[in-house]
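Treat the numbers as computed from the prediction; the structure is a model and nothing was measured.
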Amino acid sequence: MTEPTIFHKILSNEIPAAVVYEDDEVLAFKDIHPKATTHLLFIPKHFIASIADVTPETAHLPGMLILKAQKFAAEQGIAGYKLTFHVGEGGGQEVMYLHLHFLSEETLKAGK
Ligand code: 5GP
């Protein structure tokens, strides 16, 4: 068992996060150091460390995150956004828990 990451702790409510969306499969919260007007992180509830670790058994997870981000954006009326996976230290990945960056210069609806 590897050490729990900061995102494990957010998922288990050990440390707080500004959650904007949650369902059985995914949690989405605001990045603590936003690099855009809206900067969210979508993580699967099923842990894998990185895109580098995706196997045929877990290949649905990145697509699932993209689908959730797409649906969330539509609900929020956000038309333009960037989706990014950082892969490995050389790819800028600091937290070894799979996450999809959602960046937009559009704002979330009030209350989010
Ligand atoms: P990475 O560079 O691994 O792709 O992205 C990790 C992201 O997690 C960074 O953009 C960083 O700002 C964000 N982050 C790191 N620690 C925390 C935290 O404790 N809470 C939140 N909400 N975001 C965090």
A.B. asks: With rounding to the nearest 0.5 Å, note down the distance linking CG in Leu41 to CG in Asp31.
C.D. replies: 4.5 Å
A.B. asks: Assess whether side chain to side chain contact (heavy atoms under 4.5 Å, CB included) is satisfied between Leu103 and Thr38, documenting all intermediate values.
C.D. replies: CA-CA 6 Å; Leu103 299 116; Thr38 297; over 6 Å; no
A.B. asks: With a 4.5 Å cut-off on side-chain heavy atoms, are Thr84 and Leu100 touching?
C.D. replies: no
A.B. asks: Looking at side-chain heavy atoms only, is the closest gap between Glu22 and Lys45 below 4.5 Å?
C.D. replies: yes
A.B. asks: Between Phe42 and His99, does the ring centre distance come in under 6.0 Å?
C.D. replies: no
A.B. asks: Determine yes or no for a side-chain-to-main-chain donor-acceptor pair under 3.5 angstrom, with Glu14 supplying the side chain and Lys9 the backbone.
C.D. replies: no
A.B. asks: If you compare all heavy atoms of Ala36 against all heavy atoms of Ser104, which two are closest, and at what distance to 0.1 Å?
C.D. replies: CB-O, 3.7 Å
A.B. asks: Between His8 and Tyr97, does the ring centroid distance fall short of 6.0 Å?
C.D. replies: yes
A.B. asks: Do Phe47 and Leu11 come within less than 4.5 Å of each other through their side chains, counting heavy atoms only?
C.D. replies: no
A.B. asks: For a side chain to side chain contact (heavy atoms under 4.5 Å, CB included) check, start with the C-alpha distance between Ile6 and Ile15, then their side-chain angles and the critical distance, and finish with the verdict.
C.D. replies: CA-CA 8 Å; Ile6 199 99; Ile15 66 161; 3.4 Å; yes
A.B. asks: Shortest non-hydrogen contact from Leu98 to Pro44?
C.D. replies: O-CD, 3.3 Å
A.B. asks: Given the side-chain rings of Tyr21 and Phe102, with only the six-membered ring counted for Trp, is the space between their centroids under 6.0 Å?
C.D. replies: no
A.B. asks: Between Ile10 and Pro16, what is the shortest heavy-atom contact and its length?
C.D. replies: CG1-O, 4.4 Å
A.B. asks: Just checking Phe85 against His101, ring centres under 6.0 Å apart?
C.D. replies: no
A.B. asks: Restricting to non-hydrogen atoms, name the atom on Val54 and the atom on Ala59 that form the minimum distance, rounded to 0.1 Å.
C.D. replies: CG1-CA, 3.5 Å
A.B. asks: Without placing hydrogens or testing angles, list every side-chain donor-acceptor pair under 3.5 Å for residues 63-80, not counting sequence neighbours.
C.D. replies:
from: Lys68; atom 1: NZ; to: Asp23; atom 2: OD2; distance (Å): 2.8
from: Lys68; atom 1: NZ; to: Glu25; atom 2: OE1; distance (Å): 2.9
from: Gln76; atom 1: OE1; to: Lys109; atom 2: N; distance (Å): 2.7

A.B. asks: Hey, any chance Ile32 and Leu108 share a hydrophobic cluster, counting ILVMFWY side chains that come within less than 4.5 Å of each other, even indirectly?
C.D. replies: no
A.B. asks: Once you round to the nearest 0.5 Å, how far does CZ of Phe7 lie from CE of Met96?
C.D. replies: 11.0 Å
A.B. asks: Which atom names give the shortest non-hydrogen contact between Thr58 and Asp53, and what distance separates them?
C.D. replies: OG1-O, 4.2 Å
A.B. asks: Does the pair Val26 and Ile43 meet the rule for a side chain to side chain contact (heavy atoms under 4.5 Å, CB included), with working shown?
C.D. replies: CA-CA 6 Å; Val26 69; Ile43 68 170; 5.8 Å; no
A.B. asks: Are Leu27 and Ile48 connected, step by step, through hydrophobic side chains (Ile, Leu, Val, Met, Phe, Trp, Tyr) whose heavy atoms are closer than 4.5 Å?
C.D. replies: no
A.B. asks: With sequence neighbours excluded, tell me which residues meet ring pair (Phe, Tyr, Trp, His ring centres under 6.0 Å) with His46.
C.D. replies: none
A.B. asks: Side chains of Glu106 and Thr37: donor-acceptor distance under 3.5 Å anywhere?
C.D. replies: no
